[in-house]
Asks: 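Sharing a structure with you now.
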Amino acid sequence: MRPFDYTRAENTEAAARQAASGGTFIAGGTNLLDLMKLEVMTPEALIDINRLDLAEIEETDDGGLRIGALVTNSDLANDARVREGWPVLSRALLAGASGQLRNKATTGGNLLQRTRCLYFYDRAMPCNKREPGTGCSAKDGFNRILAVLGTSEHCIATHPSDMAVAMRALGAEVETLKEDGSTRRLTLDDLYLLPGDRPDQETVLEAGELITAVVLPAPVEGKQTYRKVRDRASYAFALVSVAGIVEVQDGRITRADLAFGGLAPKPWRNAEVEDLLTGEAPSQDLFNKAADLLLAEAKGYGANDFKIPLARRTLVSVLGELTEEAQQ
């Protein structure tokens, strides 16, 4: 690990100013420290934000929740309000990492964790995400865990977060603070960038821009679930995951909010799939059509070809689970 400066920010404004000058925020550090040890990331300075007042979960006026960026994954997953009103989020969090890591990992850090592509971590191999213009070793290499949707010729990495997939399905928004003191609110779709020809640019956040909170809208009607398919039962990243919220009334689907993990460079959501399902009676034929639409532009790269039929089966199964009573 290369030498670096370390400071503790006393307030959010100071943290943003310090980071804008070349520093990197650190909270739980569960991903950042590993990357620093491997010299994949080499920040000149770390700004510790753990003392900032960003660790509360507060109810909003419209019945939602405002989750501070420093709320740990464990605290968020086990919050009684989250478990009751947004159970898909609790389940997604509990499906991620290990208990020890969830005790340290924070809400803001989870959103910004980096890909687990093996070539991103291996400095001996070309990687456009790590060093733009050097090439993508994964396309013709070992790409079993990598993306089949939203890729480009420059990068096929996947986003690793479980939490972000559930938050995308829930329509969560991210609040940020910039260096100049201005704030903004971003949807998760707007927060994350697809790789295009600059896979090193993963989000729209500017230098020094600090995530301060995530806002969940009020709970909605319908059944919620999070299905994660992985190589082992714990401490493994998703090969395919589905966060689903489906409501059925009078034998027809009136809500279908679906987000997918393990398939793309960011938590994936397809409005056309949701529109196809809405207003229809649940059936295997309908679910198969939804899967066809979701995966119409999916592309495997050899070792990850299996993800396409796996995603199909997972989506069909999740939709069956969420509409089981209506089909009886």
Side-chain angles (χ1 to χ4, degrees), residues 1-2 24 30-43 96-97 109-165 168 188-207 228-231 236-242 259-270 294-312 314:
M1 187 181 293
R2 298 183 186 180
T24 298
T30 56
N31 185 207
L32 175 60
L33 292 178
D34 285 340
L35 293 170
M36 290 177 64
K37 291 174 184 176
L38 295 171
E39 297 188 1
V40 173
M41 292 183 67
T42 56
N110 189 301
L111 291 174
L112 299 179
Q113 61 184 301
R114 310 294 300 276
T115 183
R116 264 48 180 199
C117 175
L118 299 175
Y119 300 100
F120 175 69
Y121 276 76
D122 186 352
R123 294 174 59 246
M125 302 297 293
C127 172
N128 287 323
K129 185 177 285 292
R130 192 181 63 248
E131 296 181 50
T134 59
C136 176
S137 300
K139 288 175 61 181
D140 298 315
F142 186 74
N143 49 48
R144 185 172 184 274
I145 66 171
L146 300 183
V148 296
L149 290 170
T151 61
S152 76
E153 62 177 307
H154 301 283
C155 184
I156 62 171
T158 44
H159 191 273
S161 174
D162 290 292
M163 182 195 79
V165 177
R168 182 84 197 271
L188 263 65
D189 188 36
D190 291 335
L191 172 66
Y192 295 115
L193 297 172
L194 291 177
D197 59 0
R198 287 298 306 271
D200 57 310
Q201 296 179 353
E202 298 173 342
T203 74
V204 298
L205 297 180
E206 301 173 4
K228 180 176 181 178
V229 182
R230 45 188 164 173
D231 284 323
F237 295 98
L239 297 171
V240 174
S241 66
V242 181
F260 303 87
L263 297 179
K266 66 179 184 179
W268 197 255
R269 192 165 177 177
N270 187 318
L294 172 69
L295 299 165
E297 298 183 4
K299 178 183 178 181
Y301 293 87
N304 70 346
D305 290 350
F306 75 97
K307 281 195 172 192
I308 298 173
L310 179 61
R312 166 182 292 279
T314 304

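This is a predicted model, so every value here is computed, not measured. Positions are given from 1, in the same order as the sequence printed here.
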Asks: Please determine whether side chain to side chain contact (heavy atoms under 4.5 Å, CB included) holds for the pair Tyr192 and His159, giving the CA-CA distance in whole Å, both sets of side-chain angles, and the decisive distance to 0.1 Å.
Replies: CA-CA 10 Å; Tyr192 295 115; His159 191 273; 3.5 Å; yes

Asks: Keeping the roles fixed (side chain from Asp34, backbone from Asn31), state whether a donor-acceptor pair exists under 3.5 Å.
Replies: no

Asks: Do Val165 and Val242 pass the side chain to side chain contact (heavy atoms under 4.5 Å, CB included) test, and can you show the C-alpha distance, the side-chain angles, and the key distance before you say yes or no?
Replies: CA-CA 8 Å; Val165 177; Val242 181; over 6 Å; no

Asks: To the nearest 0.5 Å, how far apart are NZ in Lys266 and OG1 in Thr115?
Replies: 15.0 Å

Asks: For the side chain of Arg144 and the backbone of Asn304, is there at least one donor-acceptor N/O pair under 3.5 Å apart?
Replies: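 No, because the side chain of Arg144 does not come within donor-acceptor range (under 3.5 Å) of the backbone of Asn304.
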
Asks: Which atoms form the tightest heavy-atom contact between Tyr119 and Arg130, and what is the distance?
Replies: O-NH1, 2.6 Å

Asks: How long is the straight-line distance from CG of Asn270 back to CG of Leu149, given to the nearest 0.5 Å?
Replies: 8.5 Å

Asks: Considering only heavy atoms from C-beta outward, does the side chain of Tyr301 approach that of Asp140 to under 4.5 Å?
Replies: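 Answer no - side chains too far apart.
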
Asks: If you define the side chain from C-beta out and look only at heavy atoms, does anything of Met125 sit under 4.5 Å from Phe120?
Replies: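 With C-beta onward as the side chain, the pair stays apart.
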
Asks: Check the surroundings of atom CD in Glu297: do more than 12 heavy atoms from other residues, nucleotides or ligands lie under 6.0 Å from it?
Replies: no

Asks: Hey, are the side chains of Lys307 and Thr158 touching, using non-hydrogen atoms and a 4.5 Å cut-off?
Replies: yes

Asks: Could you check whether Arg269 pairs with Asp189 (Lys NZ or Arg NE/NH1/NH2 to Asp/Glu carboxylate O, under 4.0 Å)?
Replies: no

Asks: Within a strict 4.5 Å, meaning less than it, do heavy atoms of the Leu35 and Tyr121 side chains meet?
Replies: yes

Asks: Strictly distance-based, threshold 3.5 Å: is any side-chain N or O of Ser161 a donor or acceptor partner for the main-chain N or O of Met163?
Replies: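 Answer holds: yes.
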
Asks: I need the single residue from Arg123, Lys129, Arg114 that forms a side-chain contact (heavy atoms from CB on, under 4.5 Å) with Val40. Which is it?
Replies: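 Among Arg123, Lys129, Arg114, the one that satisfies the side-chain contact (heavy atoms from CB on, under 4.5 Å) with Val40 is Arg123.
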
Asks: Where is the tightest heavy-atom contact between Cys117 and Ala157, given as atom of each residue plus distance?
Replies: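 The pair with the smallest heavy-atom distance is CB-CB, 4.4 Å.
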
Asks: How close do Ile145 and Leu239 get, heavy atom to heavy atom, and via which atoms?
Replies: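 Between these two residues, the closest heavy atoms are CG2-CD2, 4.2 Å.
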
Asks: Passes side chain to side chain contact (heavy atoms under 4.5 Å, CB included), Asp197 versus Ser152? Steps please.
Replies: CA-CA 7 Å; Asp197 59 0; Ser152 76; over 6 Å; no

Asks: Do Asp162 and Lys228 have side chains that get closer than 4.5 Å, going by heavy atoms?
Replies: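 Touching, per the 4.5 Å side-chain cut-off.
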
Asks: Output yes when a side-chain donor or acceptor of Asp200 lies under 3.5 Å from a complementary backbone atom of Pro132, and no otherwise.
Replies: no

Asks: Would you say that Val204 contacts Asp190 through its side chain, given a criterion of any heavy-atom pair below 4.5 Å between the two side chains?
Replies: no

Asks: Specify the closest pair of heavy atoms between Leu111 and Ala164, including all atoms of both residues, with the distance to one decimal.
Replies: CD2-CB, 3.9 Å

Asks: Nearest 0.5 Å please: distance from the CG atom of Leu205 over to the CG atom of Leu191.
Replies: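 Those atoms lie 5.5 Å apart.
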
Asks: Would you say Val148 and Lys299 make side-chain contact, with heavy atoms under 4.5 Å?
Replies: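 No, their side chains stay 4.5 Å or more apart.
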
Asks: Is there side-chain contact between Phe260 and Leu294, with at least one heavy-atom pair below 4.5 Å?
Replies: yes

Asks: Just how far is it from atom OG1 of Thr314 to atom CG of Leu263, taken to the nearest 0.5 Å?
Replies: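 One finds 8.5 Å between OG1 of Thr314 and CG of Leu263.
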
Asks: Distance-only, no hydrogens or angles: does the Thr151 side chain make a donor-acceptor pair with backbone N or O of Ala147 under 3.5 Å?
Replies: no

Asks: Do Asn128 and Glu131 get their side chains close enough for a donor-acceptor pair, meaning under 3.5 Å?
Replies: no

Asks: Could you pull out the closest heavy-atom pair between Arg168 and Pro267, with the gap in Å?
Replies: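 Answer, listing the atom of Arg168 first, then Pro267: NH1-O, 2.6 Å.
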
Asks: At their closest point, which heavy atom of Ala264 faces which heavy atom of Trp268, and how far apart are they?
Replies: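 In this case the closest contact between Ala264 and Trp268 is CB-CE3, 3.4 Å.
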
